[in-house]
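Per chain, numbering begins at 1; letters A, B, ... match sequence-line order. All values below come from the heavy atoms of this structure, side chains included, with hydrogens, waters and symmetry mates left out.
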There are 2 protein chains.
Amino acid sequence: MSGHPQRRVAFLLAQIGADASSAFDRAVEQLGITASEAGLLRLVGRHPGISQKAASEHLGVGPSRVVAVLDRLEAGGHLERRRSVTDRRTHELTLTPGGEELLARLRPVAEAHEKAFTAMLPEGDLDRLAGYLEAIAEARHLDREVHRQTTPR
Amino acid sequence: MSGHPQRRVAFLLAQIGADASSAFDRAVEQLGITASEAGLLRLVGRHPGISQKAASEHLGVGPSRVVAVLDRLEAGGHLERRRSVTDRRTHELTLTPGGEELLARLRPVAEAHEKAFTAMLPEGDLDRLAGYLEAIAEARHLDREVHRQTTPR
DNA sequence: TATTGTTATACTCTATAACTATA
DNA sequence: TATAGTTATAGAGTATAACAATA
């Protein structure tokens with residue numbers, strides 16, 4: 001018998017992670033967008049002119065999923081597709097002024113969400129927790145920029 | 001500016017949690033079952049004779065989802081529904097001998113899965129990590145016995 | 001020929017409501 | 001009337017393949 005026969009870290013991670021995902025979903029709902037849309041908004045904010053292919057890889061979702069999320073953001077006037085002049089197969093994604101403004105409103109929402117998952121722990125513990133999680137993420141090769149619902153097989 | 005402007009604990013939790021869920025899914029695939037089926041199997045193992053309603057509450061999924069998962073486990077010969085004699089509306093769920101055996105084979109798979117998410121951290125860190133996660137789970141009122149894909153609104 | 005974005009399809013999980021049989 | 005389980009249906013996300021435009 002080991003000294004820790006019943007430790008269930010992986011289980012707790014799965015459980016808390018699902019809660020974190022759906023809590024973030026609910027949090028951004030007040031902005032009229034979904035978590036996927038928020039993720040794409042942030043990605044394009046950081047990488048203006050990014051292609052859908054590159055966005056698909058960064059977000060870890062299929063290209064056809066990007067199309068659907070993009071359609072909604074474009075219909076909402078937050079984001080634009082522009083045909084690239086150098087390679088007319090690709091679209092350069094850019095935020096509209098409305099999209100920039102939405103992104104600015106997203107930041108405090110994300111901060112409040114972060115606080116909801118960390119407010120019960122003192123600063124020193126939080127730094128250690130963040131370090132542990134980064135070690136796990138690195139060992140598991142999770143270097144995506146945004147949340148994922150699932151990991152592909 | 002705070003001293004930790006960029007800490008993203010909630011984000012890391014969501015990302016790692018999704019990875020933990022899908023990794024568990026892949027791990028139990030070798031036993032011919034899904035994570036949902038494994039969860040119900042373990043629940044009935046711990047609570048023989050439990051009703052579908054109670055299982056639905058423990059697992060945090062709707063009653064109609066329990067029906068579908070149960071159908072597959074029953075078709076596989078792992079689990080039985082028995083009409084209760086005291087309340088003929090309810091079913092008492094019990095493992096068959098085959099289900100008990102499957103549950104026994106599930107345990108080492110779950111242990112290997114746990115190890116995949118903890119092997120990169122030394123024992124002392126793991127104890128602290130588990131403590132932090134339990135504190136978060138308690139603060140978020142996550143006392144389910146099994147994984148959840150999402151949290152209801 | 002290969003690649004980008006798009007469309008179409010199938011599958012899974014979620015949520016809800018309607019239904020039955022029992023209480 | 002209320003409850004346990006079942007069925008049916010609608011919605012969202014995922015994955016895949018086929019397609020048009022372009023390279």
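- Using a 4.0 Å heavy-atom criterion, one finds that T34(A) contacts no nucleic acid atom at all.
- One N or O on the side chain of E37(B) and one on the backbone of T34(B) form a donor-acceptor pair closer than 3.5 Å.
- dT4(C) atom C1' lies 19 Å from atom CZ of R82(A), rounded to whole Å.
- Side-chain N or O atoms of Q30(A) include one that pairs as donor or acceptor with a backbone N or O of A27(A) at under 3.5 Å.
- Proximity of a side-chain donor or acceptor of Q52(A) to a complementary backbone N or O of H91(A) within less than 3.5 Å is not detected.
- Side-chain atoms of H113(A) come within 3.5 Å of backbone N or O of A20(A) as a donor-acceptor pair.
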Quick one: what's the B/S/- string for nucleotides 17-22 of chain C, heavy-atom cutoff under 4.0 Å, read 5' to 3'? -----B
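- Under the 3.5 Å distance criterion, the side-chain polar atoms of E114(A) are matched with a main-chain donor or acceptor of A10(B).
- In this structure, NZ of K53(A) is placed 8 Å from P of dT3(C), rounded to the nearest angstrom.
- Between dT6(D) and R81(B), a contact under 4.0 Å exists linking OP1 or OP2 to a side-chain N or O.
- Checked against dG13(D), dT4(C), dT6(D), the side chain of Q52(B) finds its nearest nucleotide in dT6(D).
- In this structure, CZ of R26(A) is placed 17 Å from P of dA12(D), rounded to the nearest angstrom.
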Secondary-structure string, 5' to 3', Watson-Crick or G-U under 3.5 Å, | for another-strand partners, for DNA chain D: |||||||||||||||||||||||
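- Although no hydrogens or angles enter the test, the distance criterion places no donor-acceptor pair under 3.5 Å between the side chain of T90(A) and the main chain of S84(A).
- Across the protein-nucleic acid pair, R65(A) atom CZ and dG5(C) atom P stand 17 Å apart, rounded to whole Å.
- Listed for the H58(A) side chain is a donor-acceptor partner under 3.5 Å among the backbone atoms of A54(A).
- Note on residues 91-110 of chain A: pairs passing salt bridge (Lys or Arg N to Asp or Glu O under 4.0 Å), not counting sequence neighbours, are E101(A)-R105(A).
- In this structure, CD of E92(A) is placed 14 Å from P of dT4(C), rounded to the nearest angstrom.
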